[in-house]
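Report on the following structure.
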Amino acid sequence: MNLAGKRAVITGGGRGIGAAIAKVLADAGVGVLVAARSQSEVDAVAKALRAQGHRAGAASADVSRPESVAALARAATEVLGEIDILINNAGSSSSAPLKRTTLDAWNRLLAGNATSTFLCTQAFLPGMLERKWGRVVNIASVAGLHGAKYIAAYSAAKHAVVGFTRSMAAEVAGSGVTVNAVCPGYVDTPMTDQSLDRIMQSTGKSRTEALEAVLAHSGQSGLITADEVAGAVLAVCLGSENGATVELRDHQP
């Protein structure tokens, strides 16, 4: 399938995985709108893509809030037109034993990872169904497929994303629209850097020791790259599989 001429919204698009997805889709001929809370970050991503001859725009949005998602949908229509591809990549993480997990932290992770996915899909899916073609790709996590200690809130949020993906895939089956999830392990991104910082602060480990502990715990030999996640997203957009959960457990040399 050729994606040239399609139009995509990528949430969490200001850096890391989101920026890499924007680049790989733009290279495939897709017009992209990158969205995140930081206007300066998404502006920089869009500017770099335009400098390479791509069609790209940027919008500031907090996709855990309905009014912000509505504004994002309007901006996307103004910049690109009808949206064919939605990449729900926005999210956050934290880790703590259950006794130190606050209700605020629980609600924040559910809102940032699961509620945002629900709101954006609800905003952009109807147009895809009307046009009988579309791709929704949700960036979940291996934590959404397998539990682990100290990440109960994050794992619950990503399990919600996976469950939402499977239910929506069943709902759109046969419509020309597909809904899939890509579930990476630890990726070489600022979010993982923040996780390592928390481990270093709580344990006194060096960064190397913290990384070794994280990789051993997750069964990875090395961090996955953002480009590898982006490649998986591109493959899902090019394919016709529906309801898949693509697990990226380890770095591919």
Side-chain angles (χ1 to χ4, degrees), residues 1-13 17-18 21-22 24-25 28-35 59 61 63-66 68-77 79-91 110-142 144-145 156-184 229-248:
M1 181 178 295
N2 188 341
L3 297 178
K6 301 297 186 183
R7 294 148 296 190
V9 167
I10 302 103
T11 69
I17 292 171
I21 293 171
V24 77
L25 289 179
V30 178
V32 300
L33 179 77
V34 287
V63 289
S64 67
R65 296 169 50 229
S68 189
V69 172
L72 173 60
R74 291 193 296 270
T77 301
V79 174
L80 296 177
E82 300 292 348
I83 299 304
D84 309 293
I85 299 169
L86 171 65
I87 311 298
N88 285 309
N89 172 67
L110 285 174
N113 292 282
T115 302
S116 61
T117 298
F118 157 72
L119 289 173
C120 289
T121 304
Q122 193 174 56
F124 290 102
L125 180 65
M128 298 180 195
L129 291 172
E130 287 178 8
R131 295 185 298 278
K132 297 181 171 52
W133 195 94
R135 297 289 183 265
V136 178
V137 185
N138 301 322
I139 308 303
S141 168
V142 294
L145 301 173
K158 290 303 189 181
H159 269 78
V161 173
V162 170
F164 178 78
T165 299
R166 289 169 172 162
S167 292
M168 288 310 308
E171 191 167 322
V172 304
S175 68
V177 178
T178 65
V179 183
N180 296 285
V182 173
C183 304
V229 181
V233 170
L234 177 62
V236 167
C237 290
L238 288 168
S240 58
E241 191 168 10
N242 185 39
T245 52
V246 181
E247 183 173 355
L248 300 177

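How far CD1 of I139 is from OG1 of T11: 8.5 Å, rounded to the nearest 0.5 Å. One distance of note links CG of L25 with CD1 of I87; it measures 5.5 Å at 0.5 Å rounding. Rounding to the nearest 0.5 Å gives a distance of 8.5 Å between CG of L72 and CD1 of I83. For the atom pair CG (L119) and OG (S68), the distance works out to 9.5 Å, reported to the nearest 0.5 Å. Separating the CG atom in L33 from the CD1 atom in I85 is a distance of 13.0 Å, to the nearest 0.5 Å. Atom CZ of R7 and atom CG of D84 lie 4.5 Å apart (nearest 0.5 Å).
When each of T117, T165, N113, T245 is tested with N138 by the rule side chain to side chain donor-acceptor pair (under 3.5 Å), just one qualifies, namely T165.
In this structure, T121 and F164 have side chains that are in contact, with non-hydrogen atoms separated by less than 4.5 Å. Here the side chains of V142 and P184 are not in contact, with every heavy-atom distance at 4.5 Å or above. You'll find the side chain of V182 reaches within 4.5 Å of the side chain of L248, heavy atoms only.
In this structure, N242 contributes its side chain and A169 its backbone to a donor-acceptor pair below 3.5 Å. N89 contributes a side-chain N or O that, together with a main-chain N or O of G12, makes up a donor-acceptor pair within less than 3.5 Å. Looking at R135, its side chain does come within 3.5 Å of a backbone N or O of C237 through a donor-acceptor pair. N180 places a side-chain N or O within 3.5 Å of a backbone atom of G243 that can act as its donor or acceptor partner.
Between V24 and A230, the closest heavy-atom pair is CG1-O, 3.6 Å. Nearest heavy-atom pair, A160 versus A114, reported as atom, atom and distance to 0.1 Å: CB-CB, 3.8 Å. Pairing each heavy atom of S116 with each of A90, the nearest pair is OG-O, 4.1 Å. Residues V162 and A140 share a closest heavy-atom pair of CG2-CB, 3.9 Å. When every heavy atom of T178 is checked against every heavy atom of S240, the shortest pair comes out as CG2-O, 3.7 Å. Taking each heavy atom of F124 and A76 in turn, the nearest pair found is CE2-CB, 4.0 Å.
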Open item on the list: Apply side chain to side chain contact (heavy atoms under 4.5 Å, CB included) to residues L3 and L234 and explain how you reach the verdict.
Closed with: CA-CA 9 Å; L3 297 178; L234 177 62; 3.8 Å; yes

TODO: Under the side chain to side chain contact (heavy atoms under 4.5 Å, CB included) rule, what do L125 and V172 come out as? Steps first, then yes or no, please.
DONE: CA-CA 9 Å; L125 180 65; V172 304; 4.1 Å; yes

Task: Pair M128-V136, side chain to side chain contact (heavy atoms under 4.5 Å, CB included): steps then yes or no - done: CA-CA 9 Å; M128 298 180 195; V136 178; 4.0 Å; yes

TODO: Applying side chain to side chain contact (heavy atoms under 4.5 Å, CB included), run through W133 and M1 and close with a yes or a no.
DONE: CA-CA 12 Å; W133 195 94; M1 181 178 295; 3.4 Å; yes

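Between R131 and E82 a salt bridge is recorded (basic side-chain N to carboxylate O distance below 4.0 Å).
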